[in-house]
Amino acid sequence: MLLSLLVYSLTGAILFFLGWHVNKREQLLRLGGGTELPFYSWEIVLSLLIFSIVAGARYHTGYDHAMYLDQYQHLQQTGDFSRHNFEYGFEWISKIFAWCHIHYFFYFAFWALLQIGFLYFGLRHHKHLLCWVGLAIMCGSYFLSWMNSVRQSVVVCMFVALVPLIKERKIIPYFLIVIIASFIHKSALLLLPVFLISFVKFDNKIPNKWWLLVVLAVFVLLGLKPFWVDYFSNYQWFLDLTGYQNYGNLNDPNVAGQFRTLNWGPSRVSILLANVLVILFYADMKSYFKDDKLLPYFFLLAFIGMCLSNLLINTSHFILRPLDYFTVFYLVIGAYLMVYFIRNKKYPLVIVLSLLLYSHFLVNVYKAVYMPSATNLPFLYHTFLIPTI
């Protein structure tokens with residue numbers, strides 16, 4: 001328990017400080033007539049390395065860590081995976097590590113480096129967000145999600161860096177990158193139709209926040225008991241296309257009408273309340289960051305995630321997995337809102353939003369220790385350096 005609290009809080013604090021420092025240094029540079037700092041600034045490089053070390057040193061943190069570890073060690077011993085449906089790109093990279101007899105620490109650190117590297121690269125022109133994004137990665141639930149769905153999370157973070165291509169309607173490089181990414185995880189192909197949002201006209205008109213809240217409320221209500229899922233029985237094509245065949249099958253009880261019911265616990269409630277705050281203050285943020293042309297795209301993608309995640313929350317896990325491509329933008333839009341609150345001295349709201357966004361690790365560690373289960377235990381941080389803790 002103490003190790004988990006220390007790792008999550010300390011790593012989050014370090015990422016926060018480094019993100020704050022690179023932004024502060026860039027602001028001073030610009031005041032002196034200089035330009036923005038490059039992506040390879042020492043603060044960003046150090047942030048990527050620290051995150052990679054923490055992720056690489058973990059041991060059975062994340063539901064699928066044991067599976068990935070067993071597969072990698074089997075690959076080192078036999079020259080092949082025992083599971084034969086990994087994507088070719090993932091297999092090729094893994095075999096290079098295995099053939100070079102590289103310790104699994106570096107193997108897992110490499111995938112974590114890609115995850116945070118793509119995310120930070122996508123926000124390289126938004127350094128004012130990095131401190132809050134780094135803090136949320138470790139103190140929210142993102143670290144566990146990334147350490148679980150290793151392959152898909154690489155593509156999820158890559159998608160953040162592809163948003164400028166959507167804005168600029170650069171369809172050829174966008175499609176090429178997405179297709180290449182599908183060799184890491186097949187679900188990347190779901191991003192091809194997402195390019196259609198490039199045709200949304202973001203003019204000076206801002207959607208009415210009350211209508212947006214009504215829309216979200218409708219999706220929340222429909223998700224309480226998703227009876228409508230029972231009408232979608234032929235979905236094996238979806239599993240085959242996206243690589244989720246290992247997470248569900250045609251006999252999945254959740255899609256046969258026997259739905260799960262997730263409790264309205266602290267994490268679920270805090271996410272929903274944070275989403276409501278984002279919607280309520282989006283117009284103000286849009287006005288404040290009036291020169292930021294990516295903000296409307298980030299908000300739209302986050303709003304899609306808000307609606308779909310609440311709609312599908314009580315279905316099965318594999319149905320929710322594709323929504324990571326949208327819910328990752330909670331990280332980004334939440335950082336915008338925090339910056340807006342602080343710069344406008346809305347300190348009570350800063351406290352409220354901080355509790356909503358950066359206290360998940362406390363709840364998750366508490367549940368893992370005092371309510372241990374197959375779902376809760378993987379959140380505890382263990383390291384191969386000290387396996388008994």
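Atom set for the values below is all heavy atoms of this structure, side chains included, hydrogens, waters and symmetry mates excluded. Heads up: numbering here begins at 1 and tracks the sequence.
- Two residues are said to be in side-chain contact when any heavy atoms from C-beta on lie closer than 4.5 Å; L301 and I197 meet this criterion.
- Under the 4.5 Å side-chain criterion, counting only non-hydrogen atoms from C-beta, F303 is not in contact with N275.
- Other residues, nucleotides and ligands contribute over 12 non-hydrogen atoms within 6.0 Å of the CZ atom of F199.
- Ring pair Y381/Y8 is perpendicular by interplanar angle, where above 60° counts as perpendicular and below 30° as parallel.
- No donor-acceptor pair closer than 3.5 Å links the side chain of H60 to the backbone N or O of H65.
- Within a 6.0 Å sphere centred on CD1 of I172, other residues, nucleotides and ligands contribute 12 heavy atoms or fewer.
- At a threshold of 4.5 Å between non-hydrogen side-chain atoms, the residues V7 and F361 do not count as touching.
- With hydrogens and angles disregarded, a donor-acceptor distance shorter than 3.5 Å links the side chain of R58 to the backbone of A55.
- Of the possible donor and acceptor atoms, one in the side chain of S182 sits under 3.5 Å from a partner among the backbone N and O of I179.
- Linking ILVMFWY residues whenever their side-chain heavy atoms come closer than 4.5 Å, directly or via other members, leaves V133 and L49 in distinct clusters.
- L308 and L189 fall within the same hydrophobic cluster, where Ile, Leu, Val, Met, Phe, Trp and Tyr residues are linked whenever their side-chain heavy atoms come under 4.5 Å apart, directly or through other members.
- Two residues are said to be in side-chain contact when any heavy atoms from C-beta on lie closer than 4.5 Å; R321 and S149 meet this criterion.
- Taking the six-membered ring where tryptophan is involved, the planes of Y59 and Y104 are tilted, since the angle between them lies from 30° to 60°.
- When side chains are defined from C-beta on, L75 does not count as touching E91, because their heavy atoms never get closer than 4.5 Å.
- Side-chain N/O atoms of S153 and D324 include no donor and acceptor closer than 3.5 Å.
- Here the side chain of Y72 pairs a donor or acceptor atom with the backbone of F97 at under 3.5 angstrom.
- In terms of hydrophobic clustering, with Ile, Leu, Val, Met, Phe, Trp and Tyr side chains grouped at heavy-atom distances under 4.5 Å, F219 and V269 are assigned to a common cluster.
- Between the N376 side chain and the M371 main chain, a donor and an acceptor come within less than 3.5 Å of each other.
- The number of heavy-atom neighbours closer than 6.0 Å to CZ of F106, taken from other residues, nucleotides and ligands shown, is 12 or below.
- Remark: side-chain polar atoms of K127 are paired, donor with acceptor, to backbone N or O of R124 under 3.5 angstrom.
- The aromatic rings of H21 and F17 sit tilted relative to each other, their planes meeting at an angle between 30° and 60°.
- Taking the six-membered ring where the residue is Trp, Y325 and F159 present perpendicular rings, their angle passing 60° and hence far from 30°.
- Taking CG of L69 as the reference point, atom CG of D64 lies at 12.0 Å (rounded to 0.5 Å).
- Note: Y297 and F329 fail the aromatic proximity criterion, with ring centroids not under 6.0 Å apart.
- The side-chain heavy atoms of L165 and I177, taken from C-beta on, include a pair separated by under 4.5 Å.
- Atom NZ of K170 sits in a sparse spot, with 12 or fewer heavy atoms from other residues, nucleotides or ligands closer than 6.0 Å.
- Ring-centre distance between Y336 and F299: not below the 6.0 Å cut-off.
- Under a 3.5 Å cut-off, the side chain of T61 and the backbone N or O of P378 do not form any donor-acceptor pair.
- Atom CZ of F289 is surrounded by more than 12 heavy atoms from other residues, nucleotides or ligands within 6.0 Å.
- The 12-atom threshold is not exceeded at CH2 of W92, counting heavy atoms of other residues, nucleotides or ligands nearer than 6.0 Å.
- Of the residues L192, V155, V194, the one that meets the side-chain contact (heavy atoms from CB on, under 4.5 Å) test with V178 is L192.
- A donor-acceptor pair under 3.5 Å links the side-chain atoms of N314 to the main chain of G223, judged by distance alone.
- Formation of a donor-acceptor pair under 3.5 Å by the N344 side chain with backbone atoms of K346 is not found in this model.
- Between H103 and F384, the ring planes are tilted. Angles from 30° to 60° get that label.
- Tested against D292, the residues K286, H125, H126 include a single side chain to side chain donor-acceptor pair (under 3.5 Å) partner, H126.
- Around atom CH2 of W210, no more than 12 heavy atoms belonging to other residues, nucleotides or ligands sit under 6.0 Å away.
- Residues Y358 and L353 have side chains not in contact (no heavy-atom distance under 4.5 Å, counting atoms from C-beta outward).
- A single hydrophobic cluster is not seen to contain both L37 and V45; linkage of ILVMFWY side chains at heavy-atom distances under 4.5 Å, directly or through other members, places them apart.
- Side chain of S270 to backbone of S267: a donor-acceptor contact under 3.5 angstrom is found.
- A ring pair (Phe, Tyr, Trp, His ring centres under 6.0 Å) with F341 is found for one member of Y288, F281, W132 and no other, namely F281.
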Show the atom names and distances, to 0.1 Å, of all donor-acceptor pairs under 3.5 Å that link a side chain in residues 109-120 to residues at least two apart or in another chain.
unit_1 : atom_1 : unit_2 : atom_2 : d
Q115   : NE2    : W146   : O      : 3.2
Q115   : NE2    : V150   : O      : 3.2

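- Residue V22 comes nearest to S41 through the heavy atom pair CG2-CB, 4.0 Å, listed as atom of the first residue, atom of the second, then distance.
- Residues L280 and L213 are in side-chain contact: their nearest non-hydrogen atoms beyond the backbone lie under 4.5 Å apart.
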